[in-house]
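A short write-up of the structure that comes next.
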Amino acid sequence: MAKKEMIAVVDIGSSKVVALIGEIDADGQVTLLGLGETAASGIKKGAIVDIEGTVKAIKSSLEKAEQIVGYSINSAVVSFTAPSIMSLNNKSVVAVTNLEREITPEDVNRVLNATKIVPIPPDKKIIKAIPRFYTVDGFSGVIDPIGMTGSRLEAETHIIAVSQSTFANLQKVTSRAGLNVLEFIPAILASAEAVLYPAEKELGCLLIDIGAGTMELTIYYEGSLFFTGAIPVGDQYITNDLAIGLRTPLAMAEKLKVEAGIALARLVEDDEYLEVENVGGTDKQKVSKQMVAAIIEARVREMFELARKEVRESGFTGLLPGGVILTGGGAMLPGVREVAQEIFDLPVRVGIPGGLGNLPTNLITPRYASAIGALMLAVKQYQEEPEDHDGMDFLSQLIQKIKSFFSELF
Ligand SMILES: Nc1ncnc2c1ncn2[C@@H]1O[C@H](COP(=O)(O)OP(=O)(O)OP(=O)(O)O)[C@@H](O)[C@H]1O
Ligand SMILES: [Mg+2]
């Protein structure tokens, strides 16, 4: 039997960098073995503003995970947040060239590459072209055209771009941290992998990841990605509002939010007074839980209104009966689901990442959706196509598979 091998992911967020190391057995099943988490300070609103600080956070998270596992990691899949993320859907068509008119992987590559030729703002870089569906001789909705017979192959892809500088900085911090990056994945796609049900994607749903610095959004419709975008306003804004409104230090405001915050003032049943430090840290004041909730609610409403506006401006005109799914640390605030329900007038649920065996309960929260989803994406191809590992080194095979999987997927 082939020996077990490791796979690592690093999720780079505004408030934390998380490294996960999983062990893949001969059947391609993954077990989480190591986790390392470091508070991040080098990222503001999802953009890297302190290269050295981010490098340190990546190294420290990896080291923590490596220590648990007793194995050194050189390669990882990296998920990241980008407030500059944008998307568009593009179509292209090619003629099937071989004499039998049987569609080959080369035809598919040609048509996908052709969809990437699309005008985007000059400061942006296309990072993914994800097939939505193919059309063969006028028959649309084809998921996998390879082997089908036809003379005309069309593809519709979802193109995702981020700012050139975001991408260059990501490459810089990962390479300085000594990482060989197998693939860069937008965190929102990783979160989608971890929490969305196929039925939701089919019906049409909106996923919102509320991170510390950025809210990222994605719409799935008829089973495929329709829109990806971001709003540079995250959960940290709530902390800032509390700090200003209550004249208290940021650290106190953060503690208050996480320990006693509620996003809907009318959900506060027994109003009580909480002790809060003043700005100088020299004195204490009493503030009511109702007042704290009112400050949070105002900002949460505004955040979801911005998200609703982004959806309206996305060009999506369909319905979203699959509802709204919330992930990210911001989804952990009690009452946030109810506020989203009011603003979107849709069913809303909080997305809890599942799908991996052996997850400790403290990881089964919306905060870790993107890190867990990145690990799930990394091993997905392998799980779907287990094969004989004799001959080629298992890890090289896996890396090869991951690379081809992502180039197919994206
Ligand atoms: N239990 C909790 N209740 C309320 N808020 C929480 C809780 N836990 C974390 N948060 C908030 O969630 C935010 C962090 O979320 P998350 O870890 O998803 O962000 P990130 O991935 O680091 O950032 P981004 O995705 O914007 O780059 C912080 O602002 C924090 O205050
Ligand atoms: Mg995040």
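We number each residue from 1, following the sequence as shown. Both counts, for ligands and for their atoms, begin at 1 and track the order of listing.
- A pairwise comparison of heavy atoms in I210 and F304 identifies CD1-CZ, 3.9 Å as the closest pair.
- Between G213 and ligand 1, at least one N/O pair is under 3.5 Å apart.
- By heavy-atom distance, the residue among A212, G328, S14, A40 lying nearest atom 13 (C) of ligand 1 is A212.
- Near T81, meaning under 4.0 Å from any of its heavy atoms, are these atoms of ligand 1: 24 (P), 25 (O), 27 (O).
- Under the ring-ring contact (aromatic ring centres under 6.0 Å, His included) criterion, F133 pairs with no residue at all, not counting sequence neighbours.
- Near E254, meaning under 4.0 Å from any of its heavy atoms, are these atoms of ligand 1: 30 (C), 31 (O).
- Of all atoms in ligand 1, numbered sequentially from 1 with element shown, those under 4.0 Å from a heavy atom of S15 are 14 (C), 17 (O), 19 (O), 20 (P), 22 (O), 23 (O).
- Here the shortest heavy-atom pairing between V69 and M6 reads CG1-CE, 3.6 Å.
- Within ligand 1, counting atoms from 1 as listed, the ones closer than 4.0 Å to a heavy atom of R367 are 8 (N), 9 (C), 17 (O).
- Annotation for ligand 1: atoms under 4.0 Å from non-hydrogen atoms of G330 are 12 (O).
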Residue pair R266, E297: steps toward the salt bridge (charged side-chain N to carboxylate O under 4.0 Å, His left out) verdict: CA-CA 10 Å; R266 67 175 145 82; E297 181 176 337; over 6 Å; no
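- A distance-only check finds no donor-acceptor pair linking the side chain of Q285 to the backbone of N278 [under 3.5 Å].
- Not one N or O of T239 is nearer than 3.5 Å to an N or O of ligand 1, by distance alone.
- When each atom of ligand 1 is checked for a heavy atom of M332 under 4.0 Å away, the hits are 1 (N), 2 (C), 3 (N).
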Intermediate values then yes/no, salt bridge (charged side-chain N to carboxylate O under 4.0 Å, His left out), E37 and K16: CA-CA 7 Å; E37 180 172 339; K16 66 184 195 306; over 6 Å; no
From CA spacing to verdict: salt bridge (charged side-chain N to carboxylate O under 4.0 Å, His left out), E313, K309: CA-CA 6 Å; E313 290 172 359; K309 184 164 172 272; 3.6 Å; yes
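- Checked against a 3.5 angstrom limit, the closest N/O atoms of I12 and ligand 1 fall outside it.
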